[in-house]
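Here the structure comes first, spelled out in structure tokens, and everything after it is commentary.
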Amino acid sequence: EGTLRKTLEEIRLFELDATEEDLCKQIVITSTRLLGFKIGRVRIMDPDGQQLKTIATVGIPARDAKKIIGETMPYSALHPFINEKYKSANSYIVPHENIEWQNIARQYFYIPDQPLSKKNSWLPFDTLLTPLYASSGEVIGILTLDSPKSGMPPTKQLLESIGIFASVASWMIELNRYQRQLADQK
């Protein structure tokens with residue numbers, strides 16, 4: 001309940017008339033701060049539903065972030081990992097030891113420099129993917145959160161909070177797009 005209340009308080013501050021890029025920056029900054037992660041990224045689906053484009057990041061060194069913004073990846077590269085095997089609440093947790101994932105991550109994700117630590121802790125290739133869904137059910141983007149401040153995998157309660165935040169973020173993106181369409185029609 002505390003995270004939900006904080007989320008609702010924070011989204012009231014979002015600027016709906018901002019560009020989609022600026023809105024996504026607000027989303028990724030707020031999500032990492034509220035939900036306890038050091039690194040976050042928002043990727044938005046292209047109109048054809050084939051490519052995800054990085055729109056906003058937080059917690060990634062500036063020289064790396066500059067390379068990442070605007071970078072695209074095929075949505076199909078995530079299909080093997082967005083399935084029931086990895087599902088937890090409304091997110092997908094892909095474990096560090098998955099070699100197929102490590103190959104995808106090396107190509108399309110920022111992997112933080114962190115030492116392998118104790119058992120049951122969050123590891124460098126562990127990944128948390130949370131789809132952003134339009135009201136139609138189509139994926140409009142992906143919120144990726146990484147490097148939990150606790151150093152541990154997210155709890156069930158935190159995953160539920162991430163799902164709620166992602167739903168609100170999706171709604172905000174859709175509302176922003178709708179508002180832009182109306183403005184363009186004037």
Side-chain angles (χ1 to χ4, degrees), residues 1-37 39-60 65 68-84 86-94 108-110 127-146 154 157-186:
E1 182 184 322
T3 302
L4 178 58
R5 184 179 14 223
K6 287 178 188 172
T7 299
L8 293 174
E9 289 170 3
E10 290 282 335
I11 63 166
R12 289 184 354 186
L13 303 174
F14 284 10
E15 298 174 30
L16 284 178
D17 59 345
T19 64
E20 187 167 84
E21 291 80 7
D22 287 342
L23 177 62
C24 287
K25 187 72 172 174
Q26 292 175 45
I27 288 168
V28 75
I29 289 169
T30 303
S31 65
T32 54
R33 186 169 33 85
L34 278 180
L35 301 167
F37 289 83
I39 297 172
R41 177 190 291 206
V42 174
R43 287 184 162 116
I44 295 295
M45 187 72 74
D46 73 356
D48 297 331
Q50 303 297 314
Q51 298 284 321
L52 289 162
K53 179 180 178 181
T54 299
I55 300 295
T57 65
V58 70
I60 296 174
I68 290 170
I69 297 295
E71 174 186 86
T72 61
M73 73 173 292
Y75 181 53
S76 60
L78 295 179
H79 288 175
F81 312 104
I82 297 181
N83 65 50
E84 291 302 314
Y86 301 109
K87 189 167 187 170
S88 188
N90 292 323
S91 297
Y92 300 85
I93 299 176
V94 186
Y108 297 112
F109 285 75
Y110 172 78
T127 302
L128 175 64
L129 305 167
T130 306
L132 303 173
Y133 292 103
S135 54
S136 64
E138 295 175 65
V139 173
I140 59 171
I142 300 281
L143 172 64
T144 306
L145 298 171
D146 200 353
Q157 183 179 2
L158 180 56
L159 289 166
E160 289 171 359
S161 295
I162 292 166
I164 291 167
F165 186 89
S167 295
V168 172
S170 300
W171 181 77
M172 299 298 280
I173 292 167
E174 271 197 302
L175 189 57
N176 177 272
R177 289 177 175 178
Y178 181 68
Q179 198 168 11
R180 292 210 166 282
Q181 285 175 345
L182 289 176
D184 289 348
Q185 291 174 0
K186 289 182 181 180

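Scope of the values below: all heavy atoms of this structure, side chains included, with no hydrogens, waters or symmetry mates.
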Item to check | Smallest separation among heavy atoms of C24 and I55, with atom names | outcome: CB-CG2, 3.7 Å
Checklist entry - So, K53 side chain and E71 main chain: donor-acceptor pair closer than 3.5 Å or not? => result no
Checklist entry - Are any of the side-chain heavy atoms of I173 and E20 separated by less than 4.5 Å? => result yes
Checklist entry - Do Y86 and F81 have side-chain heavy atoms sitting under 4.5 Å apart? => result yes
Next on the checklist: S167: which residues meet the side chain to side chain contact (heavy atoms under 4.5 Å, CB included) condition with it, sequence neighbours left out?
Outcome noted: none
Item to check | Contacts of type salt bridge (charged side-chain N to carboxylate O under 4.0 Å, His left out), residue E21, not counting sequence neighbours | outcome: none
Item to check | Where K87 and N90 come nearest, the two heavy atoms and their spacing | outcome: CE-CA, 4.5 Å
Checklist entry - Atom OG1 in T30, atom CZ in F165: separation rounded to 0.5 Å? => result 5.5 Å
Please report, to 0.1 Å, the donor-acceptor pairs under 3.5 Å made by any side chain of residues 127-140, with sequence neighbours excluded.
from: T127; atom 1: OG1; to: W101; atom 2: NE1; distance (Å): 3.0
from: T127; atom 1: OG1; to: F125; atom 2: O; distance (Å): 3.2
from: T130; atom 1: OG1; to: S91; atom 2: OG; distance (Å): 2.6
from: S135; atom 1: OG; to: E174; atom 2: OE1; distance (Å): 3.4
from: S135; atom 1: OG; to: E174; atom 2: OE2; distance (Å): 3.2
from: S136; atom 1: OG; to: E138; atom 2: N; distance (Å): 3.4
from: S136; atom 1: OG; to: E138; atom 2: OE2; distance (Å): 3.3

Item to check | Any side-chain heavy-atom pair of I60 and I39 under 4.5 Å | outcome: yes
Item to check | Non-hydrogen side-chain atoms of I162 and F37 separated by less than 4.5 Å | outcome: yes
Checklist entry - Does a side-chain heavy-atom distance below 4.5 Å link F109 with M73? => result yes
Checklist entry - Once you round to the nearest 0.5 Å, how far does CG of N83 lie from OH of Y92? => result 7.5 Å
Item to check | Side chains of M172 and N176 in contact at under 4.5 Å (non-hydrogen atoms) | outcome: no
Checklist entry - If you look at every heavy atom in A18 and Q26, which pair is closest and at what distance? => result CB-NE2, 4.1 Å
Next on the checklist: Taking the six-membered ring of Y108 as reference, does the cationic atom of R41 (NZ for Lys, CZ for Arg) lie under 6.0 Å from its centre and within 45° of its axis?
Outcome noted: no
Checklist entry - Rounded to the nearest 0.5 Å, how far does CG of D22 lie from CD1 of I27? => result 11.0 Å
Checklist entry - Roughly how far apart are I68 CD1 and R43 CZ, rounded to 0.5 Å? => result 8.0 Å
Checklist entry - Taking atom CG of L78 and atom CG of L52, what is their separation to the nearest 0.5 Å? => result 6.0 Å
Checklist entry - Which heavy atom in I93 sits nearest to a heavy atom in S88, and how many Å separate them? => result CD1-CB, 4.4 Å
Item to check | Identified side chain to side chain contact (heavy atoms under 4.5 Å, CB included) partner of V58 from the options V42, V28, L145 | outcome: V28
